[in-house]
Amino acid sequence: MSSPSPKKRCPKPWRPLFAAGSRVECRHGGGDVFYPGVVTAVTSDGHYDVDYDDGDEERGVAGSLMRPEAGLKVGDALQKKFPGYGSGVFDGRVAEIFPAEKKVRVAWSDGEETFMTVAAVRKAMDHPPSPAKPVKRAAASAPPAPLPALEAAGGRPKRARKAPPALTYAKMGTNTSSAKKRAAWDSEEDASISSSDESAKPRRKRAAAAPKKKKQAKKADADDEADAGASSDSEDESSDDASSEDEQPKRKRTAAAAKKKAPAAKKKAAAAPERPLTEAEKGTAGKPTAGLAPPMAGQYSGEYRFAIGTVVSVKCTSTGRWVRGHVIMHLRGGVTTFYAVEKARCLFERMQGKNQHYEDVDVTTQKAAAACVVALDEPPREVRKWTSGTPCMRASNLEHAAAVKDAPFDPSLGFGASKLRTKQSTGKFSGGADAAAGLDEAEVKAKAHLAAGRVGEAQVLECLTCLGDKWPTQDRPNVTPDGKPVHGMCLGAVFVLGGVGMACSNVSEHYPELTTLVTKWVTTTLPEDFPFSSLQINYNYRARKHVDGNNIGPSYIRAIGDHSGGQGSKRVIQRGGELWTADKFIVTTDDDGKPLVKGGGGPDTLDCKKEWMLFNGNEEHETRPYFAGKGAKPGTKGGTRISFIAFSHQAYNKLSTSVATRLRTLGFTACSDDGVDLPYFTKYRIDKKEFDADENVKYFRYQRKRAIELPPPTKKNAVSVECYGLTMARGGGWMSHCDAAATRTVHELTPNMTGFHVLHLDASGAAGVALVESHVDKKRFNIYAKTDPETDRFAKFVKGLKPNAVVAVCITDTAVAAKRPPGKKLYDALVSLGAPENMEKIGYRFPFAFLGVKGAKPGSAVVLMDKTKFLLRIDATVVTAKDGTVTLADVTEEKTDITTKVILSKNHGDEG
């Protein structure tokens, strides 16, 4: 009998490490720090698109830069030293986790407890103290040995620790500080993201806040960008550099093991590239003389000689050798130099020296360029970029930023969705047997009401009452009052984790009659033709202050049921259950005289009981106190409060064809597969995409023409502000002022720096307008990176100004973060400078320019803000009256839509 022939070894097809919707941690930009996020798509070439928790996003991330999200759990062990105890190490265990506050209660071996940040706990786990000398403890049968008294013999005081604060969700009511409330930034519609659906098992709790990510910027600004925290929406400034591979079970390491690993970690951090550089990659000692590009014809221009993508040989400052690379970015001058290219950023083929990836070379003149860079006679290279349009500035392992060709949009796939996975996820209702029984009864009643043509609030309430208190549950710790799962469900479009993507919710799939009844009632009772893709239904719980993260913004809310006023902090609320919003929508007119709904109404309470109220989900909002029934507590059978929030998911127009068709069948009105925005949402959608290289060329061609035709003014006591945001050529701007002799001073601002740039001017003297102090560039008010402390600093600065002081403000990136809006203190400070009392809140990545006078009448200041790709300009003359009162005269305002005027214009070639 012959033996069977051996099986042929065939290579396995490539399978992704992570599916769309997976929770991961990624090394943003190929750096050393991991940041939490969600995989939104898997590309055909084996890379991943990631949306980070702090609002940033990245395309084409290699799997080698990613790892599954690691979370803390109760019982995890750690060790820590405390001052005053020498080398003694205390053993501790995680006793309780507070995800929203990013705090952990730790119980120590000596019987005491402390509260630590999540990042501090993870750091203690990953890097235990050395040497480790555990504190002696009594025998297991005996109680723990007491610590020395405060005045123990020997003079050494007892280890002093403050009593742990009561960081329970129940005590975080309406009177808690803004710093604590600032932690709740998840969406009111967080149910639109779930592990298998909104009623499935709770999502894994986030272990830590996303640490600040540093933008790749000029080396001279590296320290400042670290302080600025550019491209970060994180509050926690700590970072976790330890990888999961370095973690040991329960983190039990001996002192010897910790001592051995410490130097190894240092060596790893300062390690050279993965493989040694070849002689060719090390470059040459002298300037290359062969293979050079032919000389330029006509007058020299650094912008065209060293165009984006040009292959060059550049002199590396760290090694002194000439190294191959290519141009990835132009660094331009400002308005006074007519935005000429001053430097070219050249990316090396391989990292040089200890950690140098690129070189910024002077190309202003041919002589200056010849000393440090030469163009080679080779085809230009493609510049690898992230999703936002930022060039990748890492020389080694460039495959992690491989250019992803935009494939034709395939409606059958949609936004990261898989028809097969969607079908699998909807095969079984995952809300539990108790909820299923109530929903089954509600489905029968809904079908009968629809057949009879009865669609109203009474019928909806009757159906939902069938659930009693056995509703599906949702895990929403950043919105709920006590951090525990709450009763509620989301109908319509949801983003399902685990590789499913955008899908129809589990409840809607299994209970279509109930869903149709609710959507018909919503559609017929809404005060306008409002398109919505999803409906969040909350049962008897109060959402605390937060900002939505998954919808476009405009949302309608309505509450039904027998609920009444709740006990507030200082008074009894008669109605109860209203929605408080930080900035109420108001109706105004646009430039064409058409009605326009926008922010600017200021803080207000919207009575949404039995009436639909429009609000901005992207501004802070919360539910006011209430009782569910006469004298009953929320959640009891004494009464009912059911709230409905109609909104549109940000990916409502990127659904698969099957999902979009299914949602339309169920009565949802914002669901498509073409990627095109509905007219209602075009004015609210934030365009985060940056200009590409060709668009930047067009834009700066236009800017050069402007700098010649509309330079900073040179007239007596003139003040001007001009700026543009991050999405246009990485941001930029300038401010200028003239004295009584029309002598002009121009402040060129560094691009790509978040927060407020501020000038304090004085016009009281005979010399005219004079600079008192400047808070620009590294001295700016970086409200984006450090929202609360920098807001306090700005408010203190304004408060200290003398009456009639002139203040100019502008941005060169973005003023505020998407999920950390500044509080009332910032707007009160602007009002004291003449801003409207209920000015519209500053938008994320929106350009912002301001000119005001301390003590002026509210509404007298010039405030400009618009969508992301607008250029703003303010020109005014400062007038000082005999009594010393300062006013602004001859004010001109400019808001230029660069996309329409320059990028899409057929005449953009004539702009220069």
For [X], salt bridge (Lys or Arg N to Asp or Glu O under 4.0 Å) partners two or more places apart:
X	answer
Glu790	Arg793
Glu378	Arg324
Arg381	Glu349
Glu709	none

* Which residues pass the side chain to side chain contact (heavy atoms under 4.5 Å, CB included) test with Val323, sequence neighbours left out? -> Cys316, Phe348, Gln352

* With sequence neighbours left out, what residues match Lys867 under side chain to side chain contact (heavy atoms under 4.5 Å, CB included)? ->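 Side chain to side chain contact (heavy atoms under 4.5 Å, CB included) check on Lys867 returns Phe870.
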
* Could you pull out the closest heavy-atom pair between Asn653 and Gln650, with the gap in Å? =>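 In terms of heavy atoms, the two residues are closest at OD1-O, 4.1 Å.
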
With sequence neighbours left out, write down each residue that passes side chain to side chain donor-acceptor pair (under 3.5 Å) with [X], or none if nothing qualifies.
X	value
Asp692	none
Thr896	Glu894
Asp739	none
Tyr724	none

* To do: Not counting sequence neighbours, list each pair that qualifies as a side chain to side chain donor-acceptor pair (under 3.5 Å) and has a residue in residues 362-375.
  =>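 Found Asp362-Thr364.
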
* To do: Could you tell me whether Asp777 and Lys779 have a side-chain N and a carboxylate O separated by less than 4.0 Å?
  =>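 No, this pair does not count.
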
* Asked: Are Glu893 and Arg873 ion-paired here, with the side-chain N under 4.0 Å from a carboxylate O?
  -> no

* Do you see a donor-acceptor pair shorter than 3.5 Å between the side chains of Thr754 and Asn782? ->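 Checked: Thr754/Asn782 side chains pair up, N/O donor to acceptor below 3.5 Å.
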
* Quick one: are the ring centres of Phe781 and Phe797 less than 6.0 Å apart? -> yes

* Asked: Ring centroid separation for His757 and His747, is it under 6.0 angstrom?
  ->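 Judged by ring-centre distance (under 6.0 Å), His757 and His747 do not meet the cut-off.
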
For residues 286-299, which side-chain N or O atoms pair as donor and acceptor with protein atoms under 3.5 Å away, sequence neighbours left out?
from, atom 1, to, atom 2, distance (Å)
Lys287, NZ, Ala370, O, 2.7

* Structure fact -> Paired with Cys723, the side-chain contact (heavy atoms from CB on, under 4.5 Å) test is passed by just one of Thr812, Ile811, Val809, Leu864, namely Ile811

